[in-house]
2 protein chains.
Amino acid sequence: MTERNGYQVIAGRLADEVAELAPGTKLASEHELMDRFGVGRASARAAVQELERRGLVRRVRGSGTFVNRRIDYVISRERRPSWHRTVESAGAVPRSTVLSSQLRPVPERCAHYLGVEPGTEVHHMRRLRFVDDHVAAVGEEWVKRDALTELGPAMRIEESLDELLRQMGRVDVVRSWCRTAMELPSEEIQAALEMNYVAPVWVVESINRDAATGTAVTYSTAWMRADVIRVVMEIGDTEPAPNIALHR
Amino acid sequence: MTERNGYQVIAGRLADEVAELAPGTKLASEHELMDRFGVGRASARAAVQELERRGLVRRVRGSGTFVNRRIDYVISRERRPSWHRTVESAGAVPRSTVLSSQLRPVPERCAHYLGVEPGTEVHHMRRLRFVDDHVAAVGEEWVKRDALTELGPAMRIEESLDELLRQMGRVDVVRSWCRTAMELPSEEIQAALEMNYVAPVWVVESINRDAATGTAVTYSTAWMRADVIRVVMEIGDTEPAPNIALHR
DNA sequence: GAGCATTTGTCCGTATGTATT
DNA sequence: CAATACATACGGACAAATGCT
């Protein structure tokens with residue numbers, strides 16, 4: 001008698017093992033799991049899919065199953081989130097590419113946020129963010145022209161927009177408003193995030209304003225893959241405890 | 001020629017249909033889908049499971065597959081979230097039950113939050129929340145004794161703790177700090193939420209303080225099923241636009 | 001570039017278990 | 001008790017992507 005099996009039991013066992021492995025490590029293939037646990041392919045497969053649902057592994061057709069790494073992205077009033085710093089401090093390799101950068105007339109909703117007439121030309125930028133060369137997020141940013149004369153060449157570097165505005169434009173940008181939720185992505189976003197399946201993604205909208213004048217300067221929306229990023233959002237005037245371990 | 005199929009295509013078709021149906025409506029069974037789309041059980045099943053992953057349906061063994069309803073739970077600095085009001089305004093039926101209510105010595109972390117000695121006796125309460133008689137959330141609340149002499153009998157009613165403190169205790173409670181994230185639930189929480197599978201849940205921690213004195217009065221943690229509740233979190237001093245339709 | 005083995009993705013048919021009605 | 005419906009499982013097959021030769 002081997003033991004009572006069931007794919008849930010196998011998944012639990014594998015989950016324990018995966019917890020001990022470094023991100024990127026390759027797991028046993030479905031065939032190997034079949035032999036190891038004495039089950040059919042359906043069960044072996046179901047177990048690994050269970051791990052995928054839990055966000056513990058990432059599967060690549062033709063290649064294998066790998067231990068996943070998820071990064072905490074903390075959003076709070078005070079903190080200025082930097083993609084590179086966040087990813088690096090998690091021990092991963094950050095990268096970002098500029099997909100497009102140009103002047104564009106603002107769509108209606110954005111115009112409202114920035115407090116300008118719809119159709120006004122503002123800087124518009126799309127960026128892709130990577131973690132360990134895996135697509136993690138796409139973002140869209142709108143910047144009023146009076147905050148910055150030109151955006152294109154300056155943004156070649158891997159810097160945050162806030163940083164740039166503080167240096168190039170002489171604006172002290174502070175977060176004015178931010179909303180986070182999860183949604184099913186549009187097909188466009190899904191394609192940009194290279195998701196070949198439908199799953200909820202984080203949507204982070206934010207408005208930054210000039211600390212001096214109080215007027216809105218940038219509006220941005222970011223879509224983040226939930227299997228790569230875990231958004232943690234904090235509201236509050238007090239930092240309650242430094243030693244909170246949220247995710248074991 | 002019928003058409004090219006694939007469970008993703010079937011799922012897409014079904015998703016469109018489900019969008020038109022009222023929450024609670026029963027879907028066609030897997031057998032019926034087999035006949036309708038001319039596929040095997042595996043494909044019909046995969047399609048419906050896809051809808052479940054998207055949060056569009058809820059499946060009950062022995063009973064069937066039903067159109068799901070997900071409720072937005074908005075957390076912001078200003079707003080005092082009321083379970084009953086939130087659920088009701090979404091057109092659903094709220095309910096909550098008190099699992100336990102007693103004086104208990106605070107655990108370490110909570111003591112730190114409330115600013116009391118570990119082991120001090122405070123009110124402790126566990127509540128279960130329902131939406132349309134489906135388990136939606138479990139919460140744990142800690143209240144300092146000086147804010148309220150007795151908690152038990154008063155909380156039989158379906159009211160918010162904030163409300164009670166404002167009436168019984170003469171305390172004006174304001175949200176001081178709040179953190180939201182998603183985590184894989186512990187087995188205990190999973191059981192309380194009646195989840196027979198493992199999936200991430202919302203974790204909302206918050207500290208409320210007396211507006212007058214500024215000292216912390218309550219600390220609470222809530223775990224919410226992501227298939228029932230969608231947490232939206234807002235940080236900000238401005239309400240940017242009244243007409244934002246987040247979820248189509 | 002072509003060819004090949006590996007690995008996951010999709011699908012079929014069938015069967016049995018288990019909860020609900 | 002019986003019918004229904006979802007959950008789990010087996011074995012087999014081919015497709016598609018990847019990586020190596």
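Distance CE (B:M34) to C1' (C:dT10): 16 Å, rounded to an integer number of Å. Summarising the geometry, the separation between OH on B:Y7 and P on C:dT8 is reported as 16 Å, rounded to the nearest angstrom. Following rounding to the nearest Å, B:R45 (CZ) and D:dA9 (P) show an atom-to-atom distance of 11 Å. Atom CG in A:D35 sits about 15 Å away from atom C1' in D:dC10, given to the nearest Å. Distance, A:R41 CZ to C:dT6 C1': 12 Å, rounded to whole Å. Distance OH (A:Y197) to C1' (C:dG9): 14 Å, rounded to an integer number of Å. For the pair A:L51 CG and C:dT8 C1', the interatomic distance rounds to 15 Å; values are reported in whole Å. Between the CG atom of A:L27 and the P atom of C:dT7 there is a distance of 12 Å, rounded to whole Å.
The side chain of B:E30 lies closest to D:dC6, out of D:dA17, D:dC6, D:dA9. The side chain of B:R59 lies closest to D:dA7 when the candidates are D:dC10, D:dA7, C:dC12. With distances taken from any side-chain atom of A:S43 to the nucleotides D:dA9, C:dT20, C:dG9, the minimum falls on D:dA9. Taking only side-chain atoms of A:K26, from C-beta outward, the nucleotide of C:dC11, C:dT8, C:dT7 with the closest atom is C:dT7.
B:V48 comes within 4.0 angstrom of nothing in the nucleic acid, heavy atoms only. Heavy atoms of B:G40 sit under 4.0 angstrom from primed sugar atoms or phosphate atoms, though from no base atom.
A:V67 places a side-chain heavy atom less than 4.5 Å from the side chain of A:L27. Using a 4.5 Å cut-off on side-chain heavy atoms (C-beta onward), A:P200 and B:R54 make no contact. In this structure, B:F130 and B:L128 have side chains that are in contact, with non-hydrogen atoms separated by less than 4.5 Å.
Of the side-chain N and O atoms in A:S29, none sit less than 4.0 angstrom from OP1 or OP2 of C:dT6.
Between B:Y219 atom OH and B:E141 atom CD the span is 11.5 Å, to the nearest 0.5 Å.
Using a cut-off of 4.0 Å between Lys/Arg side-chain N and Asp/Glu carboxylate O, B:E30 and B:R59 are scored as salt-bridged.
Between A:A44 and A:R61, the residue anchored nearer the 5' end of DNA chain D, judged by the nucleotide with its closest heavy atom, is A:A44.
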